[in-house]
Every structure is written in structure tokens, then in C-alpha cells.
Amino acid sequence: MISLVLAMVWNRRGQAVTLALLAMLAVASAVAAPAYLIAAERAVADGQIATAPTSELTLSARRTSDSLQEASPSVGIEFPDVGRVLLLGLGGFAFYHSAEVPTVGLSPTNDFPTRFVFRQEVCAHVQLTAGRCLIGEGDVLIGETTAEQRKLTAGDTISLTAARMNGLVRPPTWEPDGPPKKLTVAGVYRVTDSSSAYWGLHGYFVSGDGIGPGEPVFTTAGTLETTKRTTTTMSIDGVAQPGTLDIDRLDQLRADMERLDATAAELEDSLQFNSGIPRLLDRIDEGRAAARLLVPVLAVPLVLLACFTIYLTVGYGAEGRQSELAVVALRGARWWTRWWLATGESLVAVLGGAVAGCLAGQLLVNGVAAALFPGVGTAPALTSLRFAPLAAAAALVAAVAAQRRQLISPVSRLLRRTPPADRRRLAAAEAVVAVLAIAAGVQYFVSDDPLTGFGLFAPALIVLALALVAARLLLPLVNRYAVGALRGGRLGVALAGIQLSRRPGAGRLFALLVASVAVAGYAACTVDTAAGGRDVEASLGTGAERVLVVQPVTRQGLLTGVRAVDPDGRFAMAVVRIPGGSSTPPGLAVDTRALAAVPAWAAGAPSRDGLSDVLHPEQPPPPVTFADRDIAIEVTAATTGVMQLAVSISAMDGPGVQVLEFGDLKPGTHTYRENVEICEKGCRLNAVRISGTGSNVEATGEVVIRGMRTATPAPLTDPGRWRATPAAKLSAAPDGLRADVKVTGAVADTAWIQPVTTPYPLPIAYAGNPPASGTIIDSGATTIPVTSAVALPAVPAIGRQGVIVDLEYSDLISVTPKLVSQPEVWLNADAPAEIVDRLTQHGLQVVSETSAAQVKAGLDRQGPAVALWFHLLAAVLAGLLGAGALALTVAVDRARRTEDLTALRTQGLRPRPAGLATLWTYPVLVVIATTVGLLVAAAAWRLTGWALPLAGLTPPDLPLPTWPRPTALLAAAGAVLAVQFLVAVLSGRDLRRRIESR
């Protein structure tokens, strides 16, 4: 019997090979999914490690000691406890010791301390612009900015004294505590790469208001040892070496991090352990989780499509062998003989293909991974074969189920060339599929996590159900059209239509072709929508092509510097981020002159060309300015209670901002004067402040501002050129500006009087809901009244809840402008290559840079992007399955159709109608199936695509696309159509030659 079955296989070896290939594709699809997941998880880890910031490549343990709490007044610099945390059993890291003490004496003010730092191997990581490296006790290195400001050179001496914070004053100051330490400037340094992992998480070079210039004084351990210190922070920083953060030892690395946390917790409270490595590991886990959700979304329909293909093709082959099986049944063969002869040929082919599919699936993934993730490797494992037995069993079951009719039918039915269709069983099967699709879709919608459980099968079941419904609806229409064509004498069209509509299994073939196109189309939807989302994240999420963060500066200084580089706003835009509050959204203050050219813009947003006119409706009146350092204001006061006078000013040519405190207002007319260093080249008046003393003591009175020593006369006699807070009511006086004031010591009851230089409230563009409070937060603790002008779908770099305001107006309306901690310069693609140097020449020192291209490259290596390559692979396999099923179906039909059409030719059928019936039957079927498959893919995407984690498990708050581009969907369908159409045309031509030869 075995030899007979093998002879049958050899006699129809073309069909057997095709069926084996289809079985191989089925099992290969089941093997490819887990194998690709292994490769994808490795690629996700490799990508995240390669793009991780410095903070996620280092770890640090630190301990702070205070001389007031130590037994000895001079405590040595030792690292015993710190070392226990990091050095015990942790390999793969380079460790650097450091210690620092806050000091005063180098800066002219005590508003911030000078960081006095010992850092192991510091000379190897800085560039010496003058002098030499540290050698002996008393040597120090100072930064080049500090050296320039303090006029110091190598060989000079300085004195530093350990300091403590005096928190009893506001703002706090740093007071000396101990004898001064005389030090020698051994050299002057410049930091070559402040973001290097070597510097750890200390933030040595962060500068800003209340922080200082961001240039520590570096010294030796011996120098720090002999210095009388207040608080000493000792730390050991570990920097991951190449190969430490390796994709094959992430589990060990996480265990090491957990052990370090536990060890630090067991030691004294002053020991702190910090590392960004756990954040990196968590992000890797998140990316892997997204991949584990996305890969099965098309792996499941692909395997179901493969089983459906085997069911269809085996069924077609069994129908072609019904006469042979009828002879076996007629001779009274036992049931097992009959079963073996009926199924053996198909089972041998399916089993051979299944075995080959195990190897083919792994080799296919190996090749794809080598092309997509070079250097990562796929790490083949037996786990990738865990679904192979199930897929092989499913293929065998499908093969047996497809021949059930030939196994149980009597001889009379087997001898019929067109057996009756089992419509009730077919309808019941389709109903089951429809019910399952509805159930999965319902869970998809109502579940909080739709990609779990039965909901994971929703896309596959919906595609299959819609394909079956389409087949049931279409074939009667084709039959009706064929009958009409027959009555009209169009024989070729009629014969082709009747072949499609009345051939047993034609509906299932049509459903399979529709499903193969739908799977490819659904894959195109996921890939293109995700790619569009990554583009939005990279461009709109970043804000512009390039975003430069510069050293802290005032808004006016930022505007002045950027406009000096790009006066027309063609490629650079000054940007300040506005913090959000409980009732105020975050946002951006931007130079609206460059709004039309520089930032990324959300799809569907209003045109940027007119938005700048809305946010900056007119040129502001000229500010009130002082010509030089002599700031004077003449005031007449008549008050009950004590009031205090102050003036807020900003330097015209630099970052200087100052509030001049003139003290108590004196009764009568007096001139208040101050010599201000920052006003060497002029200052702008921000506001005049009148405040009370004491928290509840109310003071009232009349204050007249009679004159100011300004560059041009101030418009004091025109109250319309001034505005005030509710604590003051302005009116005209014969000799100046009159203010009826009622104030207390509370900040909210302070009177601010400003020159009018902007609209009031400021117009804003907003995304989401406009500010509920009607205000936005200023750079200080105050707020700015705003009015909503234009609605946007999203604010660049902020998201779907934010605001945009004009930077110049927000600066002019601020009563106490302050340094912006992280001012930004946004650039478009037209920015010149030397833009950083040009900004530096105008006082804007760039400290970091982010580009949309870098962000895009990082997103392309995250979990969703890596996982979706499998969807392209699934689309290719789906197209091949459909083409293979079509080829096998045509091969089985060839003999019977040749007999039928030859008989018709003998009876007088002309060559042209016969040629049409043979050549275009299946091509037309393919074209119709492709069109319907496109609609099915779009419907399945509409029902299920919303829940796919295409942007990760925690998507950004941006208007990400929800539909693919039509061209992407058409391209996928066109590729499948090209392959299947070619198979159909070649098969039709072969059939026509057979008929013409008879």
C-alpha cells in the first residue's frame, strides 16, 4: 500500500510538490513568528543600548558627611561604604572616585558656592588651554570662563573657604565656615565633552541663575584632604564598558542592579545609589512587550490562511481523484484501505512539507534578521519550534477534513463529475466563523487591553469572516451575469462566469484569494501607519529639524542673539518652554517672525503664515530705557503706612536682570538713585514696584511718578501708556503719573506699574482646551493674562494640550524677567553648517543638540518598528500562499476543463470564445478578489487597528496618524495582484494550448 501511495505521488508529482510547498509555508509561518520574536527582542535591546543617553550607561554611589556630625574635625576622604556597594562582585564597569566641597571666595557674590572637586583622571578628560595638569598638594584647575572673568592665569594664587548655606535669608546665601585655603592655579581647562559618561550624573557643568557658571575648581585628593571642610560628598561612578550592556547578559545586569539597591538599603541612610540603567532595562522590556503583541497580530491570520489554503487545495485534489476512489469503494476495500488510499497522497506531501517548513522558517528568519539587524544575530532556539507541531497537526487535520466527503460518500456520488454542494454544512461553518469574529471584535472593543486572550484572534477572524461573506455574495452575482451573457450570445464571457460560479470550491478559492490580499493589505496598514507615526514623533515631537539648548540667558538675550544670526527668521527661531501648572497648560514662547519657516507643524493645523500676525498683531511701542548706569526716579508720595519702592530693569545687551530695591517711600518728593553695573550700555524698564511691609498691615496713599532719568522722556503724563495690577489705580497728574495705591506685605497685594508695550491680555494659539485660568505661567512665579486666539491640533514639542505665545511680548509683559534655565534655538534644514559657531559669537553657548533625524533613528530601533518587519514578511507569505493555492487549483481543474472545452469545440464552439473562457477565467477572478481584499483590509483595519501599540505601550500625546496612505495600501495589493495575476495568466495560456492541440 505504501508503494501504491508513493506511485500516486510520483504520478501527480507536480500537485504533490505544490501541496508540499504550501504545507512548508504553513509550518514555516508558525515557526517564523516565534523565531522572529527572538530576533526582534535581541534587536530591540541592541537598539536601545546603542541609543541610550549617558545617564542610562552609568551608576553612582555617594555618601555625604558633615564635619559637625563627625568625631574628628578633619575627616579623611575615604570610600569604604561606597566601595562596598559598587565594587563587590560587579564587573564590566570602569570606576572613578570623586569628592567635592562647597566653597566661597572665587566668585564676587555668595549667592552660590564654588564646587571644589577631586575627580579621578580629570586631566585626561579636559583640554588644558593654559598651564599644566595637577601634580601636588595645593594645585587647582579653573575653567576658562572663570579665568577670564576673574582675570586669572596659570601660576596665580586664589583662596577658597568651605561654606555652609544660610537658609535664614531669602534668597539663601553661602557663608564661609573655616579658615581659607591658599591654592595655586596650575592650569586653565576647557571641557571637551560635557555629556561624556565619565562625568557621571554630577552635573558639574550645569550653569544658571543661582547655580553659577558651571565650572568646578578641580584639585587633587591630597589638597581636599588637607582642607577644612563643611560637607563632603564622596562618590564612586561606574561607567559601563563595551560589552557590559550586552543583549545576552541583560538578566544578569538587572539582578546586579537589584542587588546594589538592596546593599545600599542595608547601609547607613547617608548612602545613595543612583543609576539610569534600570530605566534602560525597563524601556527594553517595554519594547519587547510591544513586539510580543504586534507579531502575533499577523502571525495568527497567516497560519489560519495557510491551513485554509491546504484545506482548499487538498479538497480540489480529492475531487480530481474521485473516479479513482470510486473504483476503490466499488471493489469493497476495507475502510482503512480506502482511508489510506484517499488521504495518503495528500498526507505524504503535507508531512514532507511540514518537516521542511521547520527548517525553512528558521532559515527565513535568519536571513531576514541578518539583513535587517546586522551584527545582532538571531540566537536560534528550540523555543522557535514550539508551534511547529501544532502547525503540522493543523495542516494534517485540514488535509483530512478536506477529503471527508470522499471518505464517506457512496460510489454513486463519487462517480458524479459535479457532486452536490453540502450547503448546510458550509453555511454552518461560515456562521461559526462569523460568530467567532463578532465575539473577538466585541472583546476587542470592551476590553481595556484588547490584544490579550481571545481578542488576539480578532483581526484574523474578521478578515476570514468578511472574505467568506464576500464570496457568498459575489458568486450569485457572477452566475447571474454569466446567464445574461449566455442569453446575449457572449459565449466566452458566459463560459468563464459559469466556471467561476458553479465550480465546486470556487467560492472557497475566491475567499482565500480575498483573504491573502486582505492580510497583505492589513500588513501595509500597520507598517505605513506606524511609519507615519514615527515621522510625527520625530518631527512634531522634537519641534524642528534641529533643537539646540543653550546656556541660561534672558529671553531678551536669546531673541537678540538669534535675530543677530538670522534677522529674517528664515532658518532659526528662539524658543522658551513655558511650564504647566494645575490650571495652566505648558507651552512655548517663540519668536513668531520665524514661525512660518522653522517649526514642524501638525497636519490639519491653520497656516503658519498668518499665525504670526495673530500672535504678534502690531509692532510694540518703544520700551522705556535708561541710557547708562545712573538709574534715577523722582517720586512724590503721600501715604498712610509704610511702602517700599523698587524698579525692575533688564540690560539691553546681555543677560543681566535686576530689581533695584530703593527702600521705604519717603513722604514728599524725592529722587531715588542707584548706580547699576549691568546698565553700562543701557537698560530697559520692566516695571515699578510698590509694596507694603508686614503680611497683614495695609498701607494706602497717593504716589506720583514725576520723572525718570531715561534716554528719551517717559510718557508719564499719559496713563494710557501704562498698566497696573489691581493694587494700583492709574490716572493723570499735572506733573506725572498718579497711582492710588492700596498694598500689604503679601505678594498678591503688590502694585506693579508697567509701560504698555504689548497687547493685554496676550493672544495665544492653543491645542486642546484653552487655559482654564485665563493665564499662563511666566518665567518667574507670576502669571500672564492671555486670550485664546487660534485653535491648533497640537503644539510642536508639547503635544495636544499646550499653548504658543509670542516670545518678545511675553518678555515685555513680564515684571521681573529672569534667566531661562534651558533656552532653545530651533533650526530647519536651511540652517548653515556653522550655525553653532555663529550663535556662540553672539553670546549663545550651545550645550546640547537634538535632531529629528536622531529621534527617528532611535524610534526605528524600538519595539514596534522592529516587530512590524514581520508584518512585511507575513504579507509576502500571504501572497505566496494565495498564488500557490491558485496554481494548484488550476492544475487540478486543467484535465476536466480540457475535456469539457474540447467537447464544446467538437460541437462547434468557435476558437475565440473558447480562448476567452480559458485565458481570462482566473485572471478576472484574481482582479475581483484583489479589489474585494482591499475593502476587507480597510474594514478590518477600521475595526481593530486602533488598538495596536504602533507607538509603543505608552504613546506620546501627539496627533498620530490612524490610517495609512492610500498609496501604501494600493502598493501592497498591487504586489499580490502582480504575482497571482501572472500565475492565472500563465495557467490560462497553458490550458488554451492544450485545447487547441486537440
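Residue numbers start at 1 and run along the sequence shown. When reading the values below, keep in mind they use all heavy atoms of this one structure, side chains included, and skip hydrogens, waters and symmetry mates. Fair warning: this is a prediction, and the values are worked out from it, not measured in the lab.
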#### Entry: Under 3.5 Å donor-acceptor, R838 side chain and V565 backbone
yes

### Query
Taking C-beta and beyond as the side chain, do L558 and V576 meet within less than 4.5 Å on heavy atoms?
yes

### Task
Answer yes or no: are there more than 12 heavy-atom neighbours, outside E674 itself, under 6.0 Å from its atom CD?
yes

### Message
Is it the case that the side chains of T584 and S773 hold a donor-acceptor pair, with the cut-off being a distance below 3.5 Å and no angle test?
### Response
no

### Summary
Result for side chain to side chain contact (heavy atoms under 4.5 Å, CB included) between V803 and one of I764, L792, L588 points to I764

### Query
Which residues satisfy the side-chain contact (heavy atoms from CB on, under 4.5 Å) test with R629, sequence neighbours excluded?
N675, E677, E680

### Task
Evaluate side-chain hydrogen bond (donor to acceptor under 3.5 Å, both in side chains) for E808 paired with S810, printing each intermediate quantity in order.
CA-CA 6 Å; E808 181 180 14; S810 70; over 6 Å; no

### Task
Can you measure from CD (Q658) to CD1 (I678) and round to the nearest 0.5 angstrom?
5.0 Å

### Closest approach of V805 to P763 (non-hydrogen atoms, all atoms of both residues)
CG2-O, 4.0 Å

#### Entry: Euclidean distance, L645 CG relative to D664 CG, rounded to 0.5 Å
10.0 Å

### Task
Please report the closest heavy-atom contact between A765 and L615, naming both atoms and the distance.
N-CD2, 3.5 Å

### Message
For R555 and S814, which I'm curious about, is there any donor-acceptor pair between the side chains at under 3.5 Å?
### Response
yes

### Query
Can you find a pair of side-chain heavy atoms, one from R593 and one from R563, that are under 4.5 Å apart?
yes

### Task
List the atom of P606, the atom of V790, and the distance in Å for their closest heavy-atom pair.
CG-CG1, 3.8 Å

### Task
To the nearest 0.5 Å, tell me how far D735 CG sits from T669 OG1.
7.5 Å

### Message
Side chains of N686 and R684 only: does a donor on one sit below 3.5 Å from an acceptor on the other?
### Response
yes

Counting only pairs under 3.5 Å, give me each side-chain donor-acceptor contact of residues 568-575, with atom names and distances, residues two or more places apart or in other chains.
none

Pairs under 3.5 angstrom only: tabulate donor-acceptor contacts from the side chains of residues 712-723 to other protein residues two or more places apart or in another chain.
unit_1 : atom_1 : unit_2 : atom_2 : d
D718   : OD1    : G720   : N      : 3.1
W722   : NE1    : P715   : O      : 2.8
R723   : NH2    : T758   : O      : 2.9

#### Entry: Note: R546-E824 ion pair, threshold 4.0 Å (strictly below)
no

### Message
Using 0.5 Å steps for rounding, measure from the CZ atom of F662 to the CD1 atom of I633.
### Response
7.0 Å

### Query
Charged N to carboxylate O under 4.0 angstrom, K742 versus D740?
no

### Task
Using atom types as modelled and distance alone, determine if a side-chain donor or acceptor of E215 lies under 3.5 Å from a backbone N or O of T145.
yes

### Query
When rounded to the nearest 0.5 angstrom, what is the spacing between SG in C679 and CZ in F626?
8.0 Å

### Task
Output all residues satisfying ring-ring contact (aromatic ring centres under 6.0 Å, His included) with Y760, sequence neighbours left out; order by chain, then residue number.
none

### Summary
In terms of heavy-atom contacts, I798 and G802 come closest through CG2-CA, 4.0 Å

#### Entry: Step-by-step salt bridge (charged side-chain N to carboxylate O under 4.0 Å, His left out) determination, R709 to D628
CA-CA 9 Å; R709 189 181 178 277; D628 52 32; 2.7 Å; yes

### Y809 versus D806, closest heavy-atom pair with distance
N-OD2, 2.9 Å

### Message
Is it the case that atom CD in E834 sees more than 12 heavy atoms from other parts of the structure closer than 6.0 Å?
### Response
yes

#### Entry: SB check E634 R673 (cutoff 4.0 Å)
no

### Query
Quick one: are V104 and L106 in side-chain contact, heavy atoms under 4.5 Å?
no

#### Entry: Donor + acceptor pair across side chains of T592, S612 (<3.5 Å)
no

### Task
State which residues pass salt bridge (charged side-chain N to carboxylate O under 4.0 Å, His left out) with E537; sequence neighbours excluded, sorted by chain then number.
none

### Query
If you round to the nearest 0.5 Å, how far is CE of M643 from OG1 of T750?
11.0 Å

#### Entry: Those residues that, when tested against S691, pass side-chain hydrogen bond (donor to acceptor under 3.5 Å, both in side chains) (two or more places apart)
none

### Message
Side chains of T700 and E698: any donor to acceptor distance under 3.5 Å?
### Response
no

#### Entry: Under 3.5 Å donor-acceptor, T542 side chain and A544 backbone
no

### Message
With heavy-atom distances below 4.5 Å as the criterion, would you say the side chains of E702 and V741 are in contact?
### Response
no

### Summary
Minimal heavy-atom distance between I649 and C683, with the atoms involved, is CD1-SG, 4.1 Å

